Amino acid sequence: MAQALLEALNLEVHYGGISAVKGISFVVEQGEMVCLIGANGAGKTSTLKALARMLPCRGEIHYGAERIDALPSHALISRGLALVPEGRGVFARLSVAENLAMGAYHRTSDRAGTADIGKDMDRIYGLLPRLAERREQLAGTLSGGEQQMLAIGRALMGRPKLLLLDEPSMGLAPIVVQKVFEVIRSVAADGVTILLVEQNARLALETCARGYVMESGKITLADSAAALLADPRVRAAYLGE
Ligand SMILES: Nc1ncnc2c1ncn2[C@@H]1O[C@H](COP(=O)(O)OP(=O)(O)OP(=O)(O)O)[C@@H](O)[C@H]1O
Ligand SMILES: [Mg+2]
């Protein structure tokens, strides 16, 4: 029996009087790759930000054996929960190497942690060779695809157990999207659990084992990716058929 790494129960996010996430419940098992798909404004980013404790929320969030909905966001990084935000959020005026080092910032308080940072950086340069060639380049001058790779690399520097990815395909040419998704698949193959938010529903469902469909702040469908790909409602609303 698989074990839940993340579980949200009746999660709600409100912006003043606007209700963006209206009491959703879902689970991500250890080692799974799960996607959350939905149209613009469905509440996907709000959900990920609530999980990463970057927004106040109601309801419960369980991570491993712990309830985390009252924890501050910085407390989650050391527990292995990392968000790669929509729009990437790289530090434009820092180099590639400096951006990666920021991802391990929470480990710099002890010497053993600091010593490992160089090794982790080498591992990430191995996974993302385009970054290795550009380690001194300012992040703001990277291409969109390279910035997405850097945002993922920076999150991996925190040695995550659970990676929350918000629209990694956004604004990228199809060939670049394929490269980014190859990286995501290899991260998953390394044992990192992934919750992927995507507007590109076909790509998300072809990549993940299971998915949730979100509409106007609610989860309306939850099934295996294969079943969702075959579902006429999904095909009509999200797969352009
Ligand atoms: N800071 C904010 N203040 C007020 N309303 C907000 C704020 N952020 C998001 N919203 C609203 O919450 C709803 C959900 O937004 P959210 O960004 O979570 O959607 P999304 O599913 O990620 O959409 P997209 O696919 O366009 O990224 C939208 O109606 C949006 O206008
Ligand atoms: Mg969004």
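Note that the structure is a prediction, hence the values are computed from the model and not measured.
Within the model, atoms CZ of Arg235 and CG of Leu229 stand 7.5 Å from one another, a figure rounded to the nearest 0.5 Å. Interatomic distance, CD1 of Ile184 versus CG of Leu203, reported as 8.0 Å (0.5 Å rounding). In this structure, CD in Glu136 is found 9.5 Å from CG in Leu138, a value given to the nearest 0.5 Å. Atoms CG and CG, on Asp69 and Leu11 in that order, are 8.5 Å from each other to the nearest 0.5 Å. In this structure, the separation between SG on Cys35 and CG on Leu205 is 4.5 Å, given to the nearest 0.5 Å. Here CD of Glu198 is found 14.0 Å from OH of Tyr238. Values are rounded to the nearest 0.5 Å.
Checking side-chain atoms of Arg53 against main-chain N and O of Leu71 turns up a donor-acceptor pair under 3.5 Å. A side-chain donor-acceptor contact under 3.5 Å links Arg135 to the backbone of Ala132. Using a distance-only test at 3.5 Å, with no hydrogens or angles considered, a donor-acceptor pair links the side chain of Arg154 to the main chain of Gly89. At distances below 3.5 Å, at least one donor-acceptor pair connects side-chain atoms of Glu32 with backbone N or O atoms of Glu29. Here the side chain of Glu167 pairs a donor or acceptor atom with the backbone of Gln199 at under 3.5 angstrom. Judged by distance alone, the side chain of Tyr63 and the main-chain N or O of Gly80 form a donor-acceptor pair under 3.5 Å. Judged by distance alone, with hydrogens and angles left aside, the side-chain atoms of Ser19 form no donor-acceptor pair with the main-chain N or O of His14 at under 3.5 Å. Put simply, the side chain of Tyr212 gets close to the backbone of Val27: a donor and an acceptor are under 3.5 Å apart. Between the side chain of Asp223 and the backbone N or O of Leu228 there is no donor-acceptor pair closer than 3.5 Å. Of the possible donor and acceptor atoms, one in the side chain of Lys44 sits under 3.5 Å from a partner among the backbone N and O of Ala39.
Met54 and Leu196 fall into different hydrophobic clusters, where Ile, Leu, Val, Met, Phe, Trp and Tyr residues are linked whenever their side-chain heavy atoms come under 4.5 Å apart, directly or through other members. Residue Leu164 is not grouped with residue Met170 when hydrophobic side chains (ILVMFWY) are merged at heavy-atom distances under 4.5 angstrom, including chains of intermediate members. Residues Ile68 and Leu83 are members of one and the same hydrophobic cluster, defined by side-chain heavy-atom contacts under 4.5 angstrom among Ile, Leu, Val, Met, Phe, Trp and Tyr. Under a hydrophobic-cluster definition in which Ile, Leu, Val, Met, Phe, Trp and Tyr are linked whenever side-chain heavy atoms come within less than 4.5 Å, directly or via other members, Tyr125 and Met149 are assigned to the same cluster. With hydrophobic clusters built from ILVMFWY side chains whose heavy atoms lie under 4.5 angstrom apart, Val90 shares a cluster with Leu142.
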For this session: Would you check, one step at a time, whether the test side chain to side chain contact (heavy atoms under 4.5 Å, CB included) holds for Leu6 with Thr193?
Result: CA-CA 9 Å; Leu6 179 77; Thr193 304; over 6 Å; no
For this session: Kindly indicate, with the supporting measurements, whether the criterion side chain to side chain contact (heavy atoms under 4.5 Å, CB included) is fulfilled by Val13 and Thr47.
Result: CA-CA 7 Å; Val13 177; Thr47 299; 5.9 Å; no
Problem set entry | Steps toward side chain to side chain contact (heavy atoms under 4.5 Å, CB included) verdict (Leu221, Val234) | CA-CA 9 Å; Leu221 291 168; Val234 175; 3.6 Å; yes
For this session: Please lay out, stage by stage, how Cys208 and Val34 fare under the test side chain to side chain contact (heavy atoms under 4.5 Å, CB included).
Result: CA-CA 5 Å; Cys208 295; Val34 175; 5.7 Å; no
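Here the closest non-hydrogen pair linking Val176 and Gly145 is CG1-CA, 3.5 Å. Nearest approach of Gly153 to Leu128, heavy atoms of both residues: CA-CD1, 4.0 Å. Shown here for Ala155 and Leu163, the closest heavy-atom pair between the two residues is CB-CD1, 3.6 Å. Residues Ala50 and Ile61 come closest through the heavy atom pair O-CD1, 3.5 Å. Leu150 and Ala139 make their closest contact through CD2-CB, 3.6 Å (heavy atoms, listed as atom of the first residue, atom of the second, distance). For the residue pair Ala104 and Met157, the shortest heavy atom distance occurs at CB-O, 3.8 Å.
Crowding of Lys22 atom NZ: a count of heavy atoms from other residues, nucleotides or ligands under 6.0 Å exceeding 12. The number of heavy atoms from other shown groups lying within 6.0 Å of CZ (Arg233) does not exceed 12.
Under the 4.5 Å side-chain criterion, counting only non-hydrogen atoms from C-beta, Leu51 is not in contact with Leu76. Side-chain atoms of Pro85 and Asp166, non-hydrogen and from C-beta on, never get closer than 4.5 Å to each other. Considering only heavy atoms from C-beta on, Met214 comes within 4.5 Å of Val21 through its side chain.
We find that Asp122 and Lys119 are not joined by a salt bridge, their nearest charged nitrogen and carboxylate oxygen being 4.0 Å or further apart. One finds a salt bridge joining Glu66 and Arg79 here, because a Lys/Arg side-chain nitrogen approaches an Asp/Glu carboxylate oxygen to under 4.0 Å.
A side-chain hydrogen bond (donor to acceptor under 3.5 Å, both in side chains) with Arg88 holds for exactly one of Glu146, Gln147, Gln148; it is Gln148.
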